[in-house]
Amino acid sequence: MIFRKSKTNAIYVLVIVVSQVLTLTLSSCSPQETAISNVEILDGDTLRVSGQSFRILGIDAPEIHEGDKPVGEYGQDAKNYLYWFASQFELSYEQKGKDSYGRILVYLFGKDRQTGAKYLYEASVTENGYARPLIYDNTSVPEYTKAIVDAYKRAYENRRGIFSKYDNAPVIDKTKASQLSSYKGKIVWLEMDVNNVKFSNDTYYIYSDFALVKIRSGEYNNLFNGYNLYGLKGRKVRFYGELWYDSYEGKYMIMLRTPFEIKIVN
């Protein structure tokens, strides 16, 4: 493996070895599965092998570089965790095509060298609270998707990673609208008076006059169990997540993943 990390990061990985929880033991290899080595870790959901970039499916890890999305609070934790996973297990992947950037889309597995047990990376990193579900119908595998969804729920129940702030994250409402830029990339409760809810382009949009919440159909169909989002219209509601900026809408926003990231105030 090729690992590029600082001395500080190496120390942090040793802590993860003690605390991490692996989910979904797989009984056999997929016929399409390919072993990999000489891995360069780019972030919590991207790696490179022999110059080719791989995007890990089913999850969205916080960013570590500013781009369309801001640098996230747990981006380095997610990257460190992938370092750890790659150092502990023999890696293999199941390919599901390529994306518009030419990256190979994969589900990533780790095989224990001593016991032969095989684990799904996406479920493991999500259970530790370092990634969120990101589900597309054309690449979803029901067994893997269920494992990721269940892992996200356990991260919430155990207040791990991003959910460690669930009970004390700052509440941002209209009175703090002028300060929103200072919270970009931070995990917050976004409190809004919901004035409209609509569905367009496979996404639910929940509007207020100063901010926005989005829910993709992939996450809604797999995590919301028919939750009535339209019933939020006219209510004061708090939404939990990482604050982004939507340049198209011209509003700060949160990309929501589950109903337990919603609290109705009144």
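Side chains included, hydrogens not; waters and symmetry mates left out as well; all remaining heavy atoms used. Everything numeric here is computed off the predicted structure, so don't read it as measured data.
Judged purely by atom type and a 3.5 angstrom limit, Arg257 uses its side chain to pair as donor or acceptor with the backbone of Pro133. The backbone N or O of Pro170 lies less than 3.5 Å from no partner atom in the side chain of Lys165, so there is not a single donor-acceptor pair.
Residues Glu242 and Lys69 are not paired through a salt bridge, judged by the lack of any N-O separation under 4.0 Å between the basic side chain and the carboxylate. Look at Lys174 and Asp209 and you find a salt bridge, because one of the NZ, NE, NH1 or NH2 atoms lies within 4.0 Å of a carboxylate O, short of that distance.
Among the candidates Arg238, Lys236, Arg235, the single residue satisfying the salt bridge (charged side-chain N to carboxylate O under 4.0 Å, His left out) test with Asp193 is Lys236. Partner of Thr139 under the side-chain contact (heavy atoms from CB on, under 4.5 Å) criterion, chosen from Val106, Leu57, Asp99: Leu57.
More than 12 non-hydrogen atoms from other residues, nucleotides or ligands lie less than 6.0 angstrom from NZ of Lys263. Atom CG of Asp68 is surrounded by 12 or fewer heavy atoms from other residues, nucleotides or ligands within 6.0 Å.
A cation-pi geometry, defined here as NZ or CZ lying under 6.0 Å from the six-membered ring centre and within 45° of its normal, holds between Lys118 and Phe109. A cation-pi arrangement is present between Arg216 and Tyr136, with the terminal nitrogen or guanidinium carbon under 6.0 Å from the aromatic centre and inside a 45° cone about the axis.
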Audit row: Asp45, Arg55, salt bridge (charged side-chain N to carboxylate O under 4.0 Å, His left out) steps and yes/no: CA-CA 6 Å; Asp45 56 29; Arg55 175 60 166 89; 3.5 Å; yes
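At least one side-chain heavy atom of Ile206 sits less than 4.5 Å from a side-chain heavy atom of Leu232. Side-chain contact between Ile162 and Tyr152: present, with at least one pair of heavy atoms (C-beta onward) separated by less than 4.5 Å.
Between the side chains of Tyr156 and Glu261, not a single donor N or O lies within less than 3.5 Å of an accepting N or O. A side-chain N or O of Glu94 and one of Tyr144 form a donor-acceptor pair less than 3.5 Å apart. Between the side chains of Thr203 and Asn201, no donor-acceptor pair of N or O atoms lies under 3.5 Å.
Under a hydrophobic clustering in which Ile, Leu, Val, Met, Phe, Trp and Tyr are joined whenever their side-chain heavy atoms come within less than 4.5 Å, directly or via other members, Ile264 and Tyr166 fall into the same cluster.
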